Amino acid sequence: MSDIVVYSAKKIITMDVNRPEATHVAVRNGEVLAVGDARCADQWGTVTHDDSLKDAVLMPGFIEAHAHMMAGAMWEYAYAGFHDRIDPDGKLWPGLTDIDAVIGGLSDYAQGLDDDAPLVGWGFDPIFLKTERLSKKHLDQISTTKPIAILYSNLHLMCVNSVALEMAGFDHTTNAEGVIKGPDGTPTGELQEMAAMFPVMRRLNIDFRGLSQKETSIRAYADVSRRAGVTTVTDLYSEMEEEDVATMLRVTGEDSYPLRIVPALGAMSGPKAIADKAEALAKRSTDKLRLGAVKLMTDGAIQGWTARIKSPGYVGGQPNGIWNTPPEVIFQLVEELNSRGIQMHIHVNGDEAAEVALNAIEAALRKHPWMGHRHVLQHCQMMGRDLFTRAADMGLCCNIFANHIYYFGDQHVAMTIGVDRAERMDGARSAIDAGVNIAIHSDAPVTPMAPLFTAWCAVNRQTTSGRTLGHAQQITVQEALFAITLGAAYTLKLDREIGSIQTGKRADFTVLGDDPTKVDPMALKDVPVLGTVFGGRVHLL
Amino acid sequence: MKPRLPLAVVSGYLGAGKTTLINRLLSEPHGLRLLVMVNDFGAINIDADLLAEAGDDTMTLTNGCVCCTMGADLYMAIGDVLDRDTRPDYLVIEASGIADPARIAQVAMAEPDLVYGGIATVVDGQTYASLVADPLIGAQIERQTSVADLVLISKLDHPDPALTLRLGVQSRAAVVDLAERNALAPLLFGGAPRTIPMVKGQAHAPYVTWSSSSPIQLDHEALLAKLNTRPAGLFRFKGFVAGPSGRGWEVHCVGPAVSVKPISQAQGTKVVGIGLEGQINPEQIENWWLD
């Protein structure tokens, strides 16, 4: 048998301007050998034809350029969110859209648990349940013997039942800030922030550290990615302890592991120490584990009123947000990392945070000019044309949080920044017009990983309520598909290897059931993902 | 059952002198086994010799959580300490330069196995005024002092009464110039100092201590009411208070903060109080408690 396999497809969307469409792709040693028709590889010698994908549409493997490995591991717990979601095994978890549904759904789940196992849920979002707050009263209907803790989607709150309250010693005498009490003076079950959640988490063995470092998490991440058609994914804030690196190298190194992971080391110590560690990690990169980039935090989140935003601030008059890294440290980190030739991914939600990051990069580039640094601003939610232009001037990439428009757009109009600024949020149009190379992202597990859905958000800008939030910032389907393939590859400095189906690149494809360029743009999110091809290996769902 | 672990948070902006303070605490003869947890950007400068000498311990933390402000690692590390076979006598957390110390200290209010040891915020006396006026970071720094139970001013050659007044109004806490104290452990950890180290040229013992053992019994409500009328200047008040039907309470007051947690078997009522000399005397504490 020949070592050249020619796959036929209904259509191949290559994202390569030289041959935008094809019907066949030839693969040898995990690499694209030729693209074209059935005879495209004939001059290379004997070929084997494979028609197993002949009814599918192939695209370059999707790239999720901002997500977290926790996205796979959260599924160890029961999903209790408002929106439908699909787990790594392909099971649909219908959204729980009112309190009765939450009680019913979790009761069913509890049936399948061991008698002594706690019931832990995640993804609950009180914003969507307007009638009443979730309380112990509701959760006690599920069980009065088993401890129950339901984590909210923002991970800052949880609600627990009476058994869990008792285990944590919470009663009418408790006077901790986040232990919320009702009119009768007893705790309602709602616990706000880690300090109040900790006593319950400790007794129920809920440990966030394990969620992103275990072998099962790395495998679940591949399952989540494959279902979304993703062949290269980021893990954008990784601690990279020696033990974690060894585990990741081992698991991703298996031939059958169908995913390339690009972790970014969290900048959580001094500039020099982080730069040293990033350099050491870069030397250990493999094809499927690309090490060496660094992630910087700056501000918080807009929906939590912790993003740093410019005047006139939040519409409710809330105080400006908080810095998770002090501005002077941002300057120090950026200068050191830039001078050492280390690519940075910088979290910026609010426009003030974006401006501080841009100032820091500008100062660093004046001291240590670097053509082709491709530092990336991440989220970029409130950047306007002016800030995008500065980003373009300096050769920065912007990875825009398009999913936010759907999931939080209505809340931003009503509660955080008001309609005029919400309509220009996540402004992909302005960014592209300013000349910025963009990617778009899900920030999974904050929102579900699904690049076609992310593209749908950037194209249609529809919110949960069905409102179109800012026509002026819509982009075309072609632009959105570029952003989840070649655009995203560029932000990871991987455009030489992935992002398009082109001779010499990795044979990473997304296998689709329909043509995303031909469906109604409103149906973009519904184009079925059938699986992936990774390095020439087919991984159908 | 293992004794509850007291937790104190040392906060302050970058360069305020948090690490210097901790090194000073480590060198004082307080007789406590400390565990120091450091959660900050930048190099760790805790004096290893001091740690080793006292059989103390240190842990370095990162803040590597997906969610930018949750900081779950810190809490998980606190859980690890609580699960140790032998707990240290005191847990001191050096918060990051931009952390809100109240978010950390609240865990000692909530967790049954911890007791609240208070928030000590270190303020650089030379730079504070300009830092809090900074449009980017000012409000966040001001928050660190406004939630403090104890404000410690560092880096001044001579006390600055205007700054002391300003910080006192802002925080409702005791404000102390570090140059004026030779023993810090009583402030940070409560408990009377075993010996007051004598520093050349500074011979004062600036603390007032008081203790009481009595048959007093108070229920939860009466105890809270009592604590709410404690005299100003009583900086720390702690101990065990017997309640009705054999149960009782473990009490810790630091500055404006009050923490009361149940104990299953009270061994009578035994409490101690500490204040700053010149602000209170033992008779005042005695009169209040026995009133």
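Computed over heavy atoms, backbone and side chain alike; hydrogens, waters and symmetry mates excluded. In this text, all values refer to a predicted model and were calculated from it rather than measured experimentally. Every chain is numbered from 1, with letters handed out A, B, ... down the list of sequences.
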Suppose we screen for ring-ring contact (aromatic ring centres under 6.0 Å, His included). Which residues come up paired with Tyr221(A), at least two apart in sequence or across chains?
none
Side chain, backbone, both or neither: which part of Val200(A) has an atom under 4.5 Å from a heavy atom of chain B?
neither
Do Pro327(A) and Ile137(B) come close enough that some side-chain heavy atom pair is under 4.5 Å?
yes
Full working for side-chain contact (heavy atoms from CB on, under 4.5 Å) between Ile346(A) and Val334(A):
CA-CA 9 Å; Ile346(A) 309 178; Val334(A) 167; 4.2 Å; yes
Go through the atoms of Gln140(B) and report whether side chain, backbone, both or neither lie under 4.5 Å from a heavy atom of chain A.
side chain
Interchain contact, Leu265(A) with chain B, by part (heavy-atom threshold 4.5 Å):
neither
Taking side chain as C-beta onward, heavy atoms only, is Leu296(A) less than 4.5 Å from Leu337(A)?
yes
Carboxylate-amine/guanidinium contact Asp351(A) Lys310(A), below 4.0 Å
no
Can you list the residues of residues 111-119 of chain B that sit under 4.5 Å from chain A, counting heavy atoms only?
Glu111(B), Pro112(B), Asp113(B)
Under 3.5 Å, is there a donor on one side chain and an acceptor on the other for Glu328(A) and Tyr13(B)?
yes
Does CD in Glu166(A) sit with more than 12 non-hydrogen atoms of other residues, nucleotides or ligands closer than 6.0 Å?
no
Options Arg203(A), Met201(A), Lys295(A), ranked by heavy-atom pairs under 4.5 Å with chain B, top entry:
Arg203(A)
Heavy-atom pairs under 4.5 Å with chain B - which of Gly266(A), Ala168(A), Ala196(A) has more of them than the others?
Ala168(A)
Considering only heavy atoms, which portion of Glu352(A) lies under 4.5 Å from any heavy atom of chain B: side chain, backbone, both, or neither?
side chain
So that I know where these two stand, are His66(A) and His379(A) an aromatic pair - ring centroids less than 6.0 Å apart?
yes
Quick test of your reading: applying ring-ring contact (aromatic ring centres under 6.0 Å, His included), list the pairs with at least one residue in residues 237-259 of chain B, sequence neighbours left out, ordered by first then second residue.
His220(B)-Trp249(B), Phe237(B)-Trp288(B), Phe237(B)-Trp289(B)
Within residues 128-136 of chain B, which positions have a heavy-atom distance to chain A below 4.5 Å?
Pro135(B), Leu136(B)
With the side chain counted from C-beta on, respond yes when Val271(B) and Val251(B) share a heavy-atom pair under 4.5 Å apart, and no when they do not.
no
Proximity breakdown for Leu82(B) and chain A, heavy-atom pairs closer than 4.5 Å
both
In Å, rounded to the nearest 0.5 Å, how long is the span from CG of Leu165(A) to OG1 of Thr186(A)?
8.5 Å
Can a salt bridge be assigned to the pair Lys272(A) and Asp276(A) using a cut-off of 4.0 Å between side-chain N and carboxylate O?
yes
Of the listed residues (Ala195(A), Ala176(A), Ser238(A)), which shares the most heavy-atom pairs with chain B below a 4.5 Å separation?
Ala195(A)
Part of Ala273(A) lying under 4.5 Å from any heavy atom of chain B
neither
Between Gln144(B) and Ser11(B): side-chain donor-acceptor atoms closer than 3.5 Å
no
We want to know whether His441(A) and Asn403(A) form a side-chain donor-acceptor pair, criterion being a heavy-atom distance below 3.5 angstrom.
no
